[in-house]
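First comes the structure, then the notes that go with it.
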Amino acid sequence: MPDLRRQIFESGKTVSRKAASREASRSNSRTGSKQSSRAASRAASDDEDSGFLSDDTSMSIGSFDDDNQEQDNVDWPQELGDRIQEILDRKRSSVQGREEALAAFCRLTKYHYAEEEMRASVADLLSSFLRSARNESSARETTLALRAIELLVITSSDDKIYENAEPALTRIIRDSTSNVIKAAAIQCLGTCTVFGGAGEDGILEQMTFLLDIVASDGQSIDAADDPTSVTAALQAWGFLVTKIDDFESESEEAVQIFMDQLDSGDSGVQIAAGENIAILYEKSYTPQEDDESDSEESADESDEHANEPAVGPKLVKRYNAYHNTPELERSLQNLATIHNKRISKRDKKSLHSNFASILTTVENPRRGPRYNMAIDQDTNRHYGSTLTVKIGRHGIMSIDRWWKWARLSSLRRILQGGFAEHYFQGNRSVLDNLPVMMRMSDTSQTTPDRASARKAAKMRNSKRWTMPQDSDDED
């Protein structure tokens, strides 16, 4: 794996003063205050299909609403077919007409798993979407086109999309004059990298590109101190790293870059950076092999966690995720208990809850995301329930590892209210990236039609319950 820091600091790209000075003094502890990302006002979303603007960094996903706005639209395949033809026929189209067609495409493919309906048009649709995105005739058309690309790739899982879309998306990220469009393109690039056939080399290349954006506070893409772009890069990076098995050699550098973002003035940036740190600490532990004995774990570690309940296979530390964990823990503790009057109550609550969970993982990477965090004052031990997410009226998903949280957050951002539909209709992009079981909830109070629909969905998805575990599943 290439040296990320060398690529960033020797690539000739623009970096922030903070990033440059950090490289010169990397062996010393950080001193003084750091430049923080300044908060930028976000443009109002034109409609819910511009969901890339929502804040998905905080641990706030309580449920995926089962209120499918399209559940009574039995003619959706015909409507989608008409919209596809309208999108492909651009000769006499207007900006407003393209905006409406794109919005309809996003609505229909979000609430319906339309792999069969769009199968013959994937290449042509991608070409049209990229044209709308590149032209930037309007901010709404561009952002809807980028969102349409995400829904296209997550539905079709076409392994040619990445190689065809990456050059255009990279140019948009670098050259667009709108930071909102840059952020949307960053998220779109991350989605295409995961689902569009990038392979491990492509994933590592984009991780370096995204880390460059973070390390330079957005300056490398002419979005200096723009928290929207930096947050998008952090979130996309967190999704990509879950696809990499071995990140030992680059963990130190990445944690240092994310630590610097803990001093940002934007809570979204701080939380996204903290979640990536938790993922990297989690990756430093892997399941104990069959030929490994308990004696290979240090006595101190064994005693420290002796009274903790065993959940899943025993995890063994393989390497240090970062050389100065005590320093990191102090930074995380400060954010978990921050009481700055200049921070809004909402942001303060989000920082407290998220960083209490992140700190718990850094202290003991065997612990995954938790909610209702608390500390026993007598024993100083952390306790709390594992994070669970309700999927409408279908069941409950246990998010017991940070990699699952990163993937779930990304899928939720892309599919929004259509997540449950894609899950139970058997969208392979969704199922293959969330190898977690769901237990069905009580259906006694549901209507016969809804119960029948769920039964049919369960039958269509019967293979889901016995599918092999993803290679990244460390449970």
Side-chain angles (χ1 to χ4, degrees), residues 1 57-59 61 194 203 207 211 234-259 261-262 270-289 297-298 301 304-305 308-326 328-329 331-332 335-336 353-371 373 382-389 397-410 433-436 469-475:
M1 185 181 299
T57 59
S58 61
M59 201 164 291
I61 298 179
V194 172
I203 290 173
M207 287 174 66
L211 203 61
L234 285 163
Q235 292 174 341
W237 192 96
F239 191 13
L240 294 182
V241 77
T242 68
K243 311 298 290 185
I244 302 299
D245 290 328
D246 182 9
F247 205 68
E248 177 179 357
S249 62
E250 305 303 330
S251 181
E252 171 80 19
E253 312 293 347
V255 170
Q256 179 64 69
I257 289 172
F258 298 143
M259 279 184 67
Q261 293 302 327
L262 298 181
Q270 292 172 302
I271 293 169
E275 289 177 351
N276 286 350
I277 290 172
I279 292 174
L280 292 177
Y281 268 79
E282 180 178 87
K283 276 188 168 292
S284 66
Y285 281 63
T286 63
Q288 180 174 328
E289 303 291 341
E297 182 179 18
S298 69
E301 275 197 322
E304 180 183 354
H305 310 305
E308 294 191 359
V311 179
K314 186 172 183 179
L315 299 177
V316 178
K317 181 177 180 179
R318 304 301 182 184
Y319 58 89
N320 290 322
Y322 183 63
H323 77 282
N324 195 346
T325 296
L328 172 58
E329 289 175 348
S331 297
L332 298 175
L335 289 168
S353 60
N354 282 278
F355 279 100
S357 185
I358 293 166
L359 175 61
T360 296
T361 296
V362 170
E363 291 176 334
N364 177 12
R366 294 177 176 86
R367 301 189 186 106
R370 300 189 176 201
Y371 72 103
M373 291 299 304
H382 294 74
Y383 62 93
S385 303
T386 299
L387 182 68
T388 58
V389 177
M397 182 181 295
S398 175
I399 306 300
D400 53 359
R401 304 297 292 165
W402 282 99
W403 70 263
K404 294 179 183 179
W405 170 255
R407 293 185 184 181
L408 179 64
S409 297
S410 295
N433 280 275
L434 280 178
V436 294
Q469 291 287 302
D470 188 287
S471 61
D472 291 320
D473 190 345
E474 298 176 351
D475 287 325

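For clarity, every value in this text was computed on a predicted model and none was experimentally measured. Note: hydrogens, waters and symmetry copies are ignored here, and every other heavy atom, side chains too, is used.
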Problem set entry | Test log, rule side-chain contact (heavy atoms from CB on, under 4.5 Å), inputs Asn364 and Tyr281 | CA-CA 9 Å; Asn364 177 12; Tyr281 268 79; over 6 Å; no
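- Atom CG of Leu408 sits about 4.5 Å away from atom CD1 of Ile399, to the nearest 0.5 Å.
- Ala406 meets the side chain to side chain contact (heavy atoms under 4.5 Å, CB included) test with Thr242, Ile279; sequence neighbours excluded.
- The two atoms that bring Lys243 and Ile203 nearest to each other are CB-CD1, 3.9 Å, heavy atoms only.
- Considering NZ of Lys283 and CH2 of Trp403, their distance stands at 9.5 Å, rounded to 0.5 Å.
- Separation of atoms CZ (Arg367) and OG (Ser357) is listed at 10.5 Å; rounding is to 0.5 Å.
- Taking CD1 of Ile257 as the reference point, atom CD of Glu252 lies at 11.0 Å (rounded to 0.5 Å).
- Contact between Ala273 and Leu262 at its shortest, heavy atoms only, is CB-CD2, 4.3 Å.
- The two atoms that bring Arg401 and Glu282 nearest to each other are NH2-CG, 2.9 Å, heavy atoms only.
- Scored by the side chain to side chain contact (heavy atoms under 4.5 Å, CB included) test, Thr361 finds Ala278, Trp402 as partners (sequence neighbours excluded).
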Exercise. Can you list the steps and then say if Ile358 with Leu335 is a side-chain contact (heavy atoms from CB on, under 4.5 Å)?
Worked result: CA-CA 10 Å; Ile358 293 166; Leu335 289 168; over 6 Å; no
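- Side chains of Met207 and Ile244 form a contact here, defined as non-hydrogen atoms less than 4.5 Å apart.
- Considering all non-hydrogen atoms of both residues, Arg318 and Thr286 come closest at NE-OG1, 2.5 Å.
- Arg407 and Phe239 make their closest contact through CG-CE1, 3.6 Å (heavy atoms, listed as atom of the first residue, atom of the second, distance).
- Taking CD of Glu329 as the start and CG of Leu359 as the end, the distance is 6.0 Å to the nearest 0.5 Å.
- Considering Ser284, Pro287, Pro365 in turn, Pro287 is the only one that fulfils the side chain to side chain contact (heavy atoms under 4.5 Å, CB included) rule with Leu315.
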For this session: Tell me, with the steps shown, if Leu211 and Glu253 meet side-chain contact (heavy atoms from CB on, under 4.5 Å).
Result: CA-CA 10 Å; Leu211 203 61; Glu253 312 293 347; 5.9 Å; no
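- When every heavy atom of Ala254 is checked against every heavy atom of Leu280, the shortest pair comes out as CB-CD1, 3.8 Å.
- Contact of the Asn276 side chain with the Gln261 side chain is not registered, since no non-hydrogen atoms from C-beta on lie closer than 4.5 Å.
- A 4.5 Å side-chain heavy-atom check between Val316 and Glu289 finds every atom pair outside the cut-off.
- The line from OG1 of Thr360 to CZ of Arg366 is 14.5 Å long, rounded to the nearest 0.5 Å.
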